[in-house]
Undergrad: 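Before we start, here is the structure in question, set down as structure tokens.
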Amino acid sequence: MAAPPPHDDEVTPPAPHGGGIAARALAGMRRPGAPWLDGLNPEQRAAVEALDGPVLVLAGAGTGKTRVLTARIAHILASGRARAHEILAVTFTNKAAREMKHRIAALVGPAGEGMPWLGTFHSIGAKILRRHAELVGLKSDFTILDTDDQIRLLKQILQAENIDDKRWPARQLAILIDGWKNRGLEPARVGAGEAGAFAEGRGGALYAAYQQRLKVLNAADFGDLLLEGLRLFREHDDVLAQWRGRFRYMLVDEYQDTNTAQYLWLRLLAQGQRNICCVGDDDQAIYGWRGADVDNILRFEHDFPGATVIRLERNYRSTGHILAAAAHLIARNEGRLGKTLFTDGAMGDKPTVTGVWDSEEEARVIGEDIEQRQRKGQSLDGVAILVRASFQMREFEERFLTLGLPYRVIGGPRFYERAEIRDALAYLRVVAQPADDLAFERIVNTPKRGLGDATLQIIHDHARAASLPLTQAARALIETEELKPKPRQTLRDLLAQFSRWSAAIATTPHHELAETILEESGYTDMWQKDRSAEAAGRLENLKELIRSMEEFPDLAGFLEHVSLVMEAETGDQAERVSIMTLHAAKGLEFDVVYLPGWEEGLFPHQRSLDENGRAGLEEERRLAYVGVTRARRFAKLYFATNRRIHGLWQTTIPSRFLDDLPADHVEVVEAEGARFGGYAASRFDRMESFGSSYDTPGWRRAQDRRAAAQPSPAARRGPLTIEGELVAKSSAVSGFRQGARVFHLKFGPGTVALVDGNKLTVDFDKAGRKMVLESFLQKTG
DNA sequence: CCGCCATCCCTTTTT
DNA sequence: GGGATGGCGG
């Protein structure tokens, strides 16, 4: 069956003859030195100008990757080879897409903003899917479910199948299904063994049921935006041909992060005109855990024979020592394509490694260092703290609050994930799309209006029996005696409101309608009555939501945007230190970068090692590489000797990644606290081994020392593997009694204050009160 | 229907 | 230690 020709791009820039983008760009071409080519180095220029056939650009950190991508688009437009709507450019994040739009606009004028097919995989996937929705069993106005909706839906399916949600959590099934979708697997294609891994062999069937249910709800989850697109292309040659014909040029950003589904999707499209240009850096592949497959980058030349491969190795960001340290570090990974970054710039300051006593001192020392730099004129916007895990952030926040040092945490809870926003959106969804059961359920009793589980159950039963959406089932029910009079009336009133609001869509501006809905439903009221601390902020957020709606032409457009891109607005202009995870830092750069927590177990993270072994270690090392290469002028690494993990103090050993740094390019600094108790020697031991692998004598000594300090067999397996003992509760009889004098390898002498199984609270003579594990203590006196 | 308490888990996270 | 979640009791 032939798909209707896509109604062509509403957002197509003005026709070329009208002095539009192409004309302007061509005029530019005639001038020697078209502006987008100005200042490019030879490799960058080659990457921009190699327009015919497949191109792989291996762009190291700070080598001008985005510049190349944007210049290339400008160049394609300028050369007249394609118009803006014939170029497909995909990124992973909305931020990256936005940035690229701006930069293209800066190069070729505002027409660059009009590129309709520049966006994230998901937004482009959704856009294509909407045009052919009926071919995959959806309607063009399908809703996009987020993770929350997805899990609630799975819960219902598990319940319907009589599967114990306790034993087989919906969350876990969601992860499983996501994994399959990431790999481009439809239910029928999931291997039997794998499908059987959940709920005694029912995983595959549940996946199929879920997909079916999504179709009934006229909904797609994030994975579907690609997977269903893939299915569309696979099953409908005419549709595929049409899109292949349209996209004369394809560009892919952060190619190393593509998962298999994305890769297959790209490959199908690119095998038409073969003008695909992928830009990426295998050394910065840090999303393996969510399905990204670095092999995609290694496979490129195989899939596209004769591909041009261009390496960008000239770094414009960091000083020499920083670059050398990073290069040495990443060189320890096997299985890389191999790039060597270099710079013509100054060597600058060596990255520093500082040992500190514990996380508290770490935060203190870093806070002081920042203040000192600030006094010397360093802007706080150029300062960042990059952590491995978000729990590390709190210590810094607390410290900075007491110091009065302004900071911002990047990647906290997202705007659209907040309960009040999700509630408000559910109201809008119910109104815009009456069949949206998940939205209905979310708000039917929010605010509380006496329509609880009992009522909902009845509606559910009826909906299932009659295979109707919940709203319709409810409408039928209020005409019967099924419900008790009170809930029946409440439900009747609510449904009447829904109808009124739906009718108003046509006549009322959507942001006004939203305000009306939130007022009339009693939702705003609910928060106004709430006297808890967050209530005011939630009302603020709701206002912000309504404000942001004004930017969209209609309700449907707004909902589409919101399900794909909603982000917290960062409207503040004040200078602040940024605190974020290493993952969130990719693509950013700062003058001064602090990298705390370089300890075994935390970084590399134990779990990564346990679950993915060598591959896990290498991904962690790439993360370390990403961290160091964020720094323009100063990279400052820290490791603490003691860290509290899950509420218990543990002694840690420095990260093996510190050993991977070249001694010539790193300066070792001792913070005063680390010398406490005469244990600085342990670190000095280690420092001797600097520049060599983690299999050095120094490393082994450090490990031996730890093993010796931990008499328990569980602990001897290696650092930080004491989980087995943590669980042992009060049932275990402690060999220590309250008041006993004890000695701790790191905290020194102390007195037992409290005994709780193998967890002891000890008042240390010098280090104060700490909770420690029994196995770290020795009896004295 | 709400709120309190026990229990469980604890890396990274976009769309 | 702390947050999220789910069960149970008022």
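First the proteins, then the strands, lettered A, B, ... as listed; each starts at 1. This structure is a prediction, so every number in the text was calculated from the model and none was measured.
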Undergrad: So which pairs with a foot in residues 161-181 of chain A pass ring-ring contact (aromatic ring centres under 6.0 Å, His included), sequence neighbours left out?
TA: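 Pairs touching residues 161-181 of chain A that pass the test: A:W168-A:F198, A:W180-A:Y207.
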
Undergrad: Excluding sequence neighbours, so at least two apart, what forms side-chain contact (heavy atoms from CB on, under 4.5 Å) with A:A170?
TA: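 Per chain and number, A:A170 pairs via side-chain contact (heavy atoms from CB on, under 4.5 Å) with A:I151, A:L154, A:K155, A:L158, A:D165.
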
Undergrad: Within residues 385-399 of chain A, which residues have any heavy atom lying less than 4.0 Å from an atom of DNA chain B?
TA: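 Hits under 4.0 Å, by residue number: A:R388, A:A389, A:S390.
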
Undergrad: Within the structure shown, what part of the strands sits under 4.0 Å from A:G223 by heavy-atom distance: base, sugar-phosphate, or nothing?
TA: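 Contact class for A:G223: none.
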
Undergrad: Residues in side chain to side chain donor-acceptor pair (under 3.5 Å) with A:D493, at least two apart?
TA: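 Result, side chain to side chain donor-acceptor pair (under 3.5 Å) vs A:D493: A:Q489.
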
Undergrad: Could you tell me how far B:dT12 sits from C:dT5 if I compare only their C1' atoms? Round to whole Å.
TA: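 To the nearest whole Å, 22 Å.
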
Undergrad: Could you state the CH2-P distance from A:W289 to B:dT13, rounded to the nearest angstrom?
TA: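 In whole Å, B:dT13 P lies 6 Å from A:W289 CH2.
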
Undergrad: On DNA chain B, compare the nucleotides closest to A:T581 and A:R449; which residue's is nearer the 5' end?
TA: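 This one resolves to A:R449.
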
Undergrad: Would A:H646 count as stacking on B:dC10 if stacking means ring centres less than 5.5 angstrom apart and planes tilted under 30 degrees?
TA: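 Yes.
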
Undergrad: Is A:M526 close to A:K448 at the side-chain level, that is, under 4.5 Å between some pair of heavy atoms?
TA: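 The answer is no, as the side chains (C-beta and beyond) never meet within the 4.5 Å cut-off.
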
Undergrad: Side chain to side chain donor-acceptor pair (under 3.5 Å) with A:N182: which residues, sequence neighbours excluded?
TA: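 Listed in chain order: nothing, the list is empty.
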
Undergrad: Could you tell me whether A:K155 contacts a base, only the sugar-phosphate backbone, or nothing, with contacts defined as non-hydrogen atoms closer than 4.0 Å?
TA: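 Here A:K155 touches the backbone only, sparing every base.
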
Undergrad: Reckon A:Q150 touches a base, only the sugar-phosphate, or nothing at all at heavy-atom distances under 4.0 Å?
TA: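 It contacts nothing in the nucleic acid.
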
Undergrad: Please list, one pair per line, the donor and acceptor atoms closer than 3.5 Å that link side chains of residues 393-400 of chain A to other protein atoms, with sequence neighbours excluded.
TA:
{"unit_1": "A:E395", "atom_1": "OE1", "unit_2": "A:S359", "atom_2": "OG", "d": "3.0"}
{"unit_1": "A:E397", "atom_1": "OE1", "unit_2": "A:Y407", "atom_2": "OH", "d": "2.7"}

Undergrad: Are A:W598 and A:F603 close enough that their ring centres sit under 6.0 Å apart?
TA: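 Yes, close enough.
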
Undergrad: Who pairs with A:H583 by ring pair (Phe, Tyr, Trp, His ring centres under 6.0 Å), at least two apart in sequence or on another chain?
TA: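 So A:H583 forms a ring pair (Phe, Tyr, Trp, His ring centres under 6.0 Å) with A:Y287, A:W289.
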
Undergrad: Run the ring pair (Phe, Tyr, Trp, His ring centres under 6.0 Å) test against A:F92 and tell me which residues pass, sequence neighbours left out.
TA: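 Only A:F121 meet the ring pair (Phe, Tyr, Trp, His ring centres under 6.0 Å) criterion with A:F92.
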
Undergrad: I'd like a list of close polar pairs between nucleotides 8-10 of chain C and the protein, N/O only, cut-off under 3.5 Å.
TA:
none

Undergrad: Can A:F121 be called stacked on B:dT15 when the rule is centres closer than 5.5 Å and an angle between planes below 30°?
TA: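 Stacking is absent between B:dT15 and A:F121, given that the ring centres and planes do not meet under 5.5 Å and under 30°.
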
Undergrad: Give each stem of DNA chain B as a range with a range, requiring at least 3 consecutive Watson-Crick or G-U wobble pairs whose two distances are under 3.5 Å.
TA: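 Stem list for DNA chain B: B:1-6 with C:5-10, B:8-10 with C:1-3.
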
Undergrad: How would you list, by chain and number, every residue that makes a side chain to side chain donor-acceptor pair (under 3.5 Å) with A:R213, sequence neighbours excluded?
TA: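 By the side chain to side chain donor-acceptor pair (under 3.5 Å) rule, A:R213 matches no residue at all.
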
Undergrad: With sequence neighbours excluded, what pairs up with A:D146 under the side chain to side chain donor-acceptor pair (under 3.5 Å) test?
TA: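 Side chain to side chain donor-acceptor pair (under 3.5 Å) list for A:D146, sorted by chain: A:R422.
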
